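What you see is a predicted model; the values in this text were computed from it and never measured.
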Amino acid sequence: MQSDALLAAAESLPQDGPGGGTLLLGYGAEEELARFAATPGWTVHVPGHPDEVRRAVRGAVRDGERAYVHVSAESNAEPRGGGEGFERVREGFGGVVLAFGATLDPVLRATVGLDVTVLYATAIRPFDEIGLRTAVLAADRADVVLVEPGRPGISAGHVAATLVHVPHRLLVLGTADTHDEPALGRAVRDFLT
């Protein structure tokens with residue numbers, strides 16, 4: 001399996017160089033993304049715009065991270081996510097939609113007119129537990145839609161752990177779901193109503 005080989009190669013690299021870190025880039029490799037997201041000690045970036053890719057690489061090198069940067073052929077229209085954790089892109093009270101990387105623009109178009117908070121992040125690890133919990137507790141309903149690059153559900157366990165004491169519902173979607181925006185909009189609407 002390619003992801004196992006890449007992870008094994010990364011683990012064998014020295015961690016005590018000038019930056020003290022390891023930087024790996026993966027282009028559209030969903031298995032690698034899932035593998036690194038499940039491996040403790042890795043920062044996993046999922047930039048949604050070329051400027052975000054550059055920012056992720058520079059930051060990982062500067063900070064000496066053990067970082068995996070998942071690069072996609074898809075892109076949002078503009079860069080976002082300059083800070084740490086989730087960025088609030090839209091405010092609402094009917095639930096929370098987490099959009100990672102290049103899933104943001106399709107999510108924004110598909111949820112026009114819905115009373116939801118849309119959160120955006122360029123990294124799935126570390127997972128911003130405080131940002132999610134704050135947004136969910138501010139909403140009228142603890143319903144969460146998770147839209148990630150790659151296969152659905154990479155961060156579902158993190159959402160469940162973050163909200164373990166908050167009765168909630170979770171809908172998990174992936175990149176394939178964002179290719180049909182009307183269907184994406186219907187799925188979110190049906191789940192939240």
Side-chain angles (χ1 to χ4, degrees), residues 2-3 6-7 10 21-90 96-111 117-132 135 144-162 170-179 181 184 188:
Q2 182 182 8
S3 61
L6 184 57
L7 183 60
T22 301
L23 175 64
L24 298 172
L25 297 172
Y27 181 77
E30 292 184 9
E31 287 183 13
E32 288 175 5
L33 175 60
R35 177 78 170 169
F36 281 99
T39 305
W42 284 86
T43 298
V44 180
H45 299 276
V46 288
H49 186 275
D51 290 353
E52 295 171 8
V53 173
R54 287 187 281 276
R55 188 170 57 225
V57 169
R58 283 194 308 266
V61 170
R62 180 192 64 234
D63 297 340
E65 293 178 333
R66 295 176 71 203
Y68 175 75
V69 180
H70 177 78
V71 181
S72 170
E74 289 139 5
S75 176
N76 295 320
E78 62 183 56
R80 292 182 178 267
E84 297 294 317
F86 296 135
E87 172 187 345
R88 281 179 190 255
V89 177
R90 184 183 293 157
V96 176
V97 181
L98 300 178
F100 290 89
T103 70
L104 178 64
D105 281 0
V107 162
L108 289 174
R109 289 187 294 266
T111 59
T117 292
V118 177
L119 301 177
Y120 175 67
T122 60
I124 59 173
R125 301 292 180 275
F127 188 84
D128 181 11
E129 296 175 359
I130 294 171
L132 174 61
V144 178
V145 179
L146 174 64
V147 189
E148 297 177 284
R151 323 190 281 244
I154 292 172
S155 295
H158 288 268
V159 172
T162 298
L170 175 63
L171 173 65
V172 294
L173 302 169
T175 299
D177 298 296
T178 65
H179 294 157
E181 290 177 20
L184 174 62
V188 174

Locate the shortest heavy-atom distance separating Glu78 from Glu52; write the atom from each residue and the value. O-OE2, 4.3 Å
Evaluate the side-chain proximity of [Y] to [X]: yes if any heavy-atom separation is below 4.5 Å, no if none is.
X	Y	result
Glu148	Val46	no
Leu173	Val107	no
Val69	Leu23	yes
Val96	Leu119	yes
Phe36	Leu24	yes

Any donor-acceptor N/O pair, [X] side chain to [Y] backbone, under 3.5 Å:
X	Y	result
Asn76	His49	no
Arg125	Ala37	yes
Arg90	Leu108	yes

Under a 3.5 Å cutoff, is there a donor and acceptor pairing between the side chains of Thr122 and Arg55? no
Residues forming a ring-ring contact (aromatic ring centres under 6.0 Å, His included) with Phe127, sequence neighbours excluded: Phe86, His158
Working to the nearest 0.5 Å, report the span between CG of Leu146 and OG1 of Thr103. 9.0 Å
Can you spot which of Val144, Ile130, Leu132 makes a side-chain contact (heavy atoms from CB on, under 4.5 Å) with Thr162? Leu132
